[in-house]
Amino acid sequence: MDSDPSPARRRFDPPLPAPSAPPAVLRRGPLRPGAFRSPAHEPRTAVVLGRWLGAALLLCFATGLVSHLLQDPPGWLVHRLPSRPVDGYRVTQGLHVVAGLAAVPLAGAKLWTVYPRLFAWPPARSVLHLLERLSIALLVAAVLLELFTGLLNTLQWYPWPFPFRQTHYWTAWTAVGALLVHLAVKAPVIAAHWRRAAAAPLPAASLPASLPAPPTAPLAARRAVLTATAAAVGAVTLTTAGQSVPWLRGLDLFAPRRPGTGGLPVNRTAAQAGTTAVPADWQLAVDGPAGYRIGLTDLRALPQTTADLPIACVEGWSADARWTGVRLADLLRRAGIPAGSTVRITSLEAAGPYRVTEMPAAYADDPLTLLALALDGRPLTPDHGFPARIVAPNRPGVLQTKWVARIEVA
Ligand SMILES: Nc1nc2c(c(=O)[nH]1)N[C@H]1C(S)=C(S)[C@@H](COP(=O)(O)O)O[C@H]1N2
Ligand SMILES: [Mo]
């Protein structure tokens, strides 16, 4: 406690039987009295860290939801997804990764602050207390699993048998549900410690003689914990945010990325996709009422558009690039496909989760959506999708199909 609870504060305490000491045989290790000596294991530190962590997790949840809905929209949303702002997904996904990485040291500090409570005796003082502890176990497990899978996803490392995206998505709902239960259960403690305790201690004469003098140590210990945590969050953020924040690029020491040509990282190379040897007579097929096939020379002879559009990858990085190519809408109209159509784009790649994309009309008809033939003024390299790739505004990177073979109405 940062100071002795005032009578008003005491009223908030839940009516539970008092904690007791464990039986003598168990009074060792973390169960012995006085096992945890830092005065920073106290509610105000937990509340301050909880605020930071809660804000980071809720930001992750909101931006994660945006990412999920853009990538895999439910039926009612498909035709409402906006293709603007151009950088929309880049910003939400950048925030997602920045907040998620900041949450790692915050979660560590928060758990350190409260972990002595793990050894409270008796383990459960009532059914309600048991339920509360189980909900905290669920919260901690869900948050740790979420941070762990998210972190490893930025490394594109999937050492588990379950699918990343569905697991990350449903664990997020579990974590947020458990977080809301936690906030409700702890509302009295949070309210009591939301504001810093009044600096002036009560006059000694007003304290019962049986109580120790108001401790001053927690304040210094709390400051040390909060400062160290803030420093850790700052260090993590500064050394990783460059993967999505251009002006922090120079400090980007730890963000995993494999820059390819044009300063743009490559997640899946042409070699991995088996698309290194594109036949010289490659032709794009556009199926429609007036469907046609068209080769690279003829595509280059069509009116070209240049647009600055980012690739914003769900694995955490994003980068701007200058694309040149033919407007997708022009290709569709030539095939007699009317505006307002959802189109399916298929890659030359034989197999892979991103071989086929469905693109709602808002993107297909956007004048910035290109079948790109060049990146930063040079013909596409095999890794970036030679002979032709899709690039559209406000779209997750996974949907920016490379090595395009066919375009048709979905
Ligand atoms: N056909 C195909 N297109 C693809 C992919 C893929 O695996 N196959 N990966 C996608 C992903 S995850 C991203 S982030 C972008 C990256 O584009 P870049 O390699 O040119 O930077 O391409 C997308 N296009
Ligand atoms: Mo990606």
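Read the numbers this way: they start at 1 and go in the same order the structure lists the ligands and their atoms. Positions are given from 1 along the sequence.
Annotation: side chain of Thr369 is not in contact with side chain of Ser83 (no heavy-atom distance under 4.5 Å). Taking the side chain as every heavy atom from C-beta outward, Leu302 and Asp330 never approach each other to under 4.5 Å. Under the 4.5 Å side-chain criterion, counting only non-hydrogen atoms from C-beta, Leu111 is in contact with Leu144.
The pair Arg293-Asp298 fails the salt-bridge criterion, with no side-chain N (NZ, NE, NH1 or NH2) lying under 4.0 Å from an Asp/Glu carboxylate O.
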Dump all N/O pairs between ligand 1 and the protein below 3.5 Å as a table: atom names plus distance, one pair per row.
| from | atom 1 | to | atom 2 | distance (Å) |
| --- | --- | --- | --- | --- |
| ligand 1 | 1 (N) | Ser347 | OG | 3.2 |
| ligand 1 | 1 (N) | Glu349 | OE1 | 2.8 |
| ligand 1 | 1 (N) | Lys402 | O | 3.3 |
| ligand 1 | 3 (N) | Lys402 | N | 3.0 |
| ligand 1 | 8 (N) | Glu349 | OE1 | 3.0 |
| ligand 1 | 17 (O) | Arg389 | NH2 | 3.1 |
| ligand 1 | 19 (O) | Lys402 | NZ | 2.5 |
| ligand 1 | 20 (O) | His384 | ND1 | 2.6 |
| ligand 1 | 20 (O) | Arg389 | NH1 | 2.5 |
| ligand 1 | 21 (O) | Pro265 | O | 2.5 |
| ligand 1 | 22 (O) | Arg389 | NH2 | 3.4 |
| ligand 1 | 24 (N) | Gln400 | O | 2.9 |

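Sparse packing is recorded around CZ of Arg117, with 12 or fewer heavy atoms of other residues, nucleotides or ligands lying under 6.0 Å away.
Side-chain N/O atoms of Thr401 and Tyr354 include no donor and acceptor closer than 3.5 Å.
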